[in-house]
Structure formats: C-alpha cells, structure tokens
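Just follow the structure's listing: the first ligand is 1, and inside any ligand the first atom is 1.
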Amino acid sequence: MRLAILTGGGDCPGLNNVIRAVLFQAVKKYGDEVMGYLYGWKGPVNNLIKPLTLADAEGIFNQGGTIIKSSRTNPYKVEGGPQKVIDNLKLNKIDALIAVGGEDTCGVADKLWKDFKAPIVCVPKTIDNDLNATDQTFGFDTALSIVCDAMDRLHTTAKSHDRVLVLEVMGRHAGWIATMGGIAGAADYILVPEEEFDVGKVAEAIKIRKKEAGYAVIIIAEGAKIKNEEILKDQEKDSFGHVKLGGIGDRLAKALELKTGFETRAMSLGHVQRGGSPTAFDRVLGTRYGLAAVDLVHQKKFGRMVSLQGNKITDVDVRDAVGTLRTVDKNLYEQTRVFFGDEIKSRTRV
Ligand code: F6P
C-alpha cells in the first residue's frame, strides 16, 4: 500500500510520535510506502508532498511540533479545493490518507469521506482536549504539565508580594486546560468558556481569599466571557471561521483591581502551551494512535477515527467526533467551586 499522512490545525506535542509510529507500523509490519503531505490540508490541495522513510523517524520521539508542518487550510474554503484533494490523492497513487488533527481537520476528513468516499482515517489531536468520541487527545497532557508548572511559579511570587495573579490559558470553547490546570495548580478561581462569569462575584471571592491567605491565583481560559462579551485580539478569522482570542486575562485583572483595590497582574501562557517536548503520556498515546491508525487502514475502515476509551484504543465513526465539542463536565467544574472563596467563608490553605 501507499499511505500518506498529514498533520493539520494547531500543532501540539505528540504529533511526531504519531508520525514515527505510522512509519514503523506501515513499513515494518505491512511493507507499505509512506508519503507526507506538508502543511495539513494545504498539502493535498496544492500537491505539497514528500516521501517519508524510517530515517525521518530517527530522533523525533522527544521533539515537539511536526516534521511535516501544519496549517489551518480548509479545502472547502478554497475554489475547487475538495476536488483538488481527490485529484492529488489519485495523482500520487495514494491508497489511504491518515489525517491527524482536531475538530477542523477531522471535520474536513468527514466531509471528504461523505462527498467522495475518500479513503481517510483520522487521529485525534488537540491540546484543548475538546474532541468528542475519545476520552483524551494527545497534546493535552503536555499542555497541562506546562500550565501546572506556571501555576506553581505564580503561587510563590504572588505570595511574596501579596498580589492577585491571573493566568490566561488556551481553550476557545472548552475549558479543560483551565479546569484541570486549576485543580492541579490550586487556583483560587477557575473561569471557563462554558459559563459566563460575573466580575463582581469573582471579586468577592478574591477578597475572602486575600483575607485568608494574603494572595490569590486565578486561572482563566482564553474563551471565557464576562457576561455576553467576547474579547477579541482582532477581528481576523482563519479559514475555519475562528477569531483570534486573547486579552481576557488582562481585562479581568484590571476589573478586579478596580473592584478590590488589590494589586492584580495578568499573564498569558499562549503558545508556550503547545511547544516543546511531549510528556511520557502524550508520547505513548500518540504512538498507540499511530499504530492503530495503520491497522485501521489495512482493515479498510475508512471514515473512522482511532479513539481512546478507558485504557483501550478502539475506533469510532469520525462523524461522532466532529460537529459538537466535548466541553468540560459540569459536575467536575461544580466540584472545583469548593476551592473558590465565595463558597467557603472561612478556611486555611492546605
Ligand atoms: O490548537 C488549539 C489552539 O491552541 C487553541 O487552544 C487556540 O485557541 C488556538 O489553537 C490558537 O490557534 P493559532 O495558533 O492558530 O492562533
């Protein structure tokens, strides 16, 4: 067989582990040839392709990013784009394509499968962990460990200066990074896109927290909203229609300072969360996904996505993974409220 692989959307640690596993499984187990499409869906649209060999897999196991590059190209927003993908797959004699990506990349794969019966299988990726039909995407664990480290550091400096510090993390529509990072990093308030928040309420909670501990650390997802307001860096949209978010942390810090009189500062972790070496968990998950994706191809189970269910790798209809995002479990978020000052009138840090 002649396989191709592409990585689309925002990069994340673990992509190279998928590529490495695909190469080993395809070449060593099945005797396949492997091609890499460059820059996500831009590759098959513009026929940007190169052969991949086992030599390309050498030493990439601990490297972040993706050796075949990524982009947010949407073939359905390019004139004749879907047909170009199909024509280029034929031109390059590709028997099957492995598309590694999140909601957008897998959404395109789903459409191409539906519209053309294109032989595609998907691998779920995103630091946001917001893809449906899988318990976890790779990249999330690494992002979380970076956020956790930042929280640890913010606690010590906030405590030394009796300050309130606000950490803005990624998460457009789902607050998994904020929620889990907030739990791991002992946040005094967690703010997520799933629930609009009232600055006054947060201020009251922080006043209680200041009285108890002298300082406070807040974590907020970039997509969190003050009432109905969305904070946009600019109005520019990518080809999947997403606006660039950012700035909610600063805005919250200013509003809190006004309401409480406490010195409050904000920082945004931004793309630091997507960079660098993958954690052991993400290396293993990416590897398991890559191995399973090649098996799926050989079983001709196209239109499917590899998925983690419990501790098992299985596969699901890619349609089940796209369309609606997996948002933060309401019960889990509600449980974290016990750590917010507004829920408990008197406590000491444990
Ligand atoms: O890939 C997911 C993600 O990191 C989101 O958390 C974030 O909102 C977005 O990508 C940022 O995308 P870009 O790097 O294209 O600005």
query: Tell me, which protein residue and heavy-atom name are nearest atom 8 (O) of ligand 1, and how many Å apart are they?
result: Glu222 OE2, 2.4 Å
query: N/O of Thr126 under 3.5 Å from N/O of ligand 1, yes or no?
result: no
message: Any atom of ligand 1 sitting under 4.0 Å from a heavy atom of His271?
response: yes
query: Ser277 and Arg283: side-chain donor and acceptor closer than 3.5 Å?
result: yes
message: Restricting to non-hydrogen atoms, name the atom on Ala143 and the atom on Ile127 that form the minimum distance, rounded to 0.1 Å.
response: CB-CB, 3.9 Å
field: Heavy-atom nearest option to atom 12 (O) of ligand 1, drawn from Arg72, Glu103, His242
entry: Arg72
- request: Establish, from distance only, whether the side-chain atoms of Tyr289 and Asn17 form a donor-acceptor pair under 3.5 Å.
  value: no
No-hydrogen, no-angle side-chain donor-acceptor test under 3.5 Å, Tyr37 and Asn88: no
message: Test your reading of the model: is there a side-chain donor-acceptor pair from His155 to the backbone of Gly185, 3.5 Å cut-off?
response: yes
query: Which of the atoms in ligand 1, numbered in the order shown and given with their element, are less than 4.0 Å from a heavy-atom of Gly171?
result: 6 (O)
- request: Using distance alone, decide if ligand 1 has a nitrogen or oxygen within less than 3.5 Å of any nitrogen or oxygen in Arg274.
  value: yes
message: Looking only at protein heavy atoms, which one is nearest to atom 2 (C) of ligand 1, and what is the separation?
response: Asp128 OD2, 3.4 Å
Residues Asp295 and Lys29 bridged, charged N to O under 4.0 Å: yes
